[in-house]
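Remarks on the structure that follows.
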Amino acid sequence: MPKILVVGGGYAGFYTAWKLEKHLRKGEAEVTMVDPLPYMTYQPFLPEIAAGEIEPRHAVVGHRRHLKTTKVIGAKVTGINHATKSATITPLVGEPWTETYDQIVVTAGAVSRTFPIPGIADNAIGLKSIEEAVAIRDRIITNFNKAENLPAGPERDRLLTVVVVGGGFAGIEVFAELRAMASSLLKNRPNIRFEDTHFHLIEAMGRIMPEVSLKTSEWVLKDLAKRGAHVHLDTQVKGAVDGNVEISTGEVIPSDVIIWTAGVMANPTVVRGGDLPVEERGRIQTRADLRVGTAEEPLEGAWAAGDVAAVPDLSGGGVGGFCVPNAQHAVRQAKLMAKNVVAVLRGELPREYKHKNLGAVAGLGLYNGVFQSGNIALKGFIAWCAHRGYHGLAMPSWERKWRVIGDWWLNFWMGRDNVSLLAVQTPRQYFAEFATRPRPAEPEAKPAEEEAPAAKKPAAKKAPATKAASAENAAAPADAASAPAAKKPAAKKPAVKKAATPKTDATES
């Protein structure tokens, strides 16, 4: 039976395995998917998770629950040797092993792309995972709780300042959603005024959101300005040491929350750990039919899609001639790739991927959004409805759809649940603080037989006592315990007297 190995369980990987289960006949092929995480993350919902509008677990799709016949391995693929059609699997616990395959599908996704800016690696946080979105939400709410008990000053300003780096869709969405969440936090915190909160977005280009028209992006800037947000265009981050964000204008913005959304890059663990061809930007070189290789020569048995792949954009709308790394392309490429892999197994020819961008939609906080499709642009509440409608339908499986829709419905009537669970990141702290620990071990006592001779030696030396000492001993009151010891020297005194002591001394003693 042919073996299909899917590397990565994100958008493209999950959808490929999901659709392979649908298209493959029983016993036609064996599908194995390898990913260190047990779920797929629906990344367009990360800004809403950071703002507390969606329960984090509802925005992920469990691999084992929704993949019925696919073998799921919780591990990393750290090496691909396509010459021998084998991959190195490194589990979370245990020794690595080699997995052979007939067809390999590389969908390892992307990671945050950063630059060697001092302080960024130590103080910033990305927005590529559920865990990051939850940490951002909890940190901001906790900072507001701390700030309301502080007097005005630098420490309070730092806690109430949020900095987002990157003006693409992800950066603008999380920036706007967090600004809206911060405004809702003020309702129950009378000690904090709206003017006390500071939100800064830093973009190196002269505009934001290149996916929409210039006119639409300018409307977004004006809308953010109305809500007290500051957008710094044509500005670069020079440093972030100790949370002090230094920008190219010379300004320094102290902040306790620095969110990095300035680009992504293909997962280097998979790309650099194999012999598949890689293009200049670090992505796997992929043909329009999603087979790895060049337009002239495909690499048989190897496929790639999603953010890790450089797929030609036949619609002509891609940057540099390639599909941009977004969820829309990843999902559609995965669906086609599943069909193409099955077609090749059956001796048929694969089809090329060609998909015209349907448009771009973004949420800008509760009841506010923007939508762009060609020359058509929608703004405000209508665009916000389009945003939720599109992503609600795009969420895989009806089970997940209903959970997300349920969150939206409950929040509509009950509002946001603005409670921080920051302690979840250090779950043992409370227990360890009050846990009873064993006392330090006491030094070992000497055995009784070793102490006895040492106690007798001083008593033996007291027998030849001087006259003065004998007189003091006789005058001192003796207790019951010392009486026997006092009688022993008295019994030996006559022998001493015969040798050297006169009668007068005996009478005095």
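All of these numbers come straight from a predicted model, not from anything done at the bench. Residue numbers start at 1 and run along the sequence shown.
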What pairs with [X] under ring pair (Phe, Tyr, Trp, His ring centres under 6.0 Å), at least two apart in sequence or on another chain?
{"X": "Trp97", "value": "none"}
{"X": "Phe431", "value": "none"}
{"X": "His232", "value": "His200"}
{"X": "Tyr430", "value": "Phe434"}

Q.
As an exercise, state the distance from CG of Asn81 to OG of Ser86, rounded to the nearest 0.5 Å.
A. 4.5 Å

Q. Taking the six-membered ring of Phe322, is the NZ or CZ of Arg283 close enough (under 6.0 Å from the centre) and on axis enough (within 45°)?
A.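 Here Arg283 passes the 6.0 Å and 45° test against Phe322.
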
Exam field: side chain [X] to backbone [Y], donor-acceptor pair closer than 3.5 Å:
{"X": "Tyr11", "Y": "Ala334", "result": "no"}
{"X": "Asp234", "Y": "Gly206", "result": "yes"}
{"X": "Thr286", "Y": "Ile284", "result": "yes"}
{"X": "Thr235", "Y": "Leu233", "result": "yes"}
{"X": "Arg416", "Y": "Ala51", "result": "yes"}
{"X": "Asp242", "Y": "Asn244", "result": "no"}
{"X": "Ser248", "Y": "Gln236", "result": "yes"}

Q.
Which residues pass the side-chain hydrogen bond (donor to acceptor under 3.5 Å, both in side chains) test with Glu246, not counting sequence neighbours?
A. none

Identify each donor-acceptor pair in which a side-chain atom of residues 374-382 lies under 3.5 Å from a protein atom, sequence neighbours left out, and give them as a table.
none

Q. With under 30° as parallel and over 60° as perpendicular, where do the rings of Phe115 and Trp260 fit, or are they tilted in between?
A.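 The arrangement is perpendicular - the two ring planes meet at more than 60°.
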
Q) Do the rings of Tyr42 and Phe45 sit parallel, tilted or perpendicular, given the 30° and 60° boundaries? A)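 The arrangement is tilted - the two ring planes meet at 30° to 60°.
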
Q: Give the C-alpha distance, both sets of side-chain angles, the deciding distance and a yes or no for ring pair (Phe, Tyr, Trp, His ring centres under 6.0 Å) between Tyr101 and His82.
A: CA-CA 9 Å; Tyr101 61 82; His82 193 64; 5.8 Å; yes

Q: Verify whether one side chain among Ser420 and Thr142 offers a donor that lies under 3.5 Å from an acceptor in the other.
A: yes

(Q) What I want to check is whether the side chains of Arg189 and Asn145 have a donor and an acceptor closer together than 3.5 Å. (A) yes

Q: Decide side-chain contact (heavy atoms from CB on, under 4.5 Å) for Leu299 and Gln285; before the verdict, give the C-alpha distance in whole Å, the side-chain angles of both, and the deciding distance to 0.1 Å.
A: CA-CA 10 Å; Leu299 191 62; Gln285 195 169 1; over 6 Å; no

Q. Would you call Asp407 and Arg403 a salt bridge, taking side-chain N to carboxylate O under 4.0 Å as the test?
A.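 Result for this pair is no, no salt bridge flagged.
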
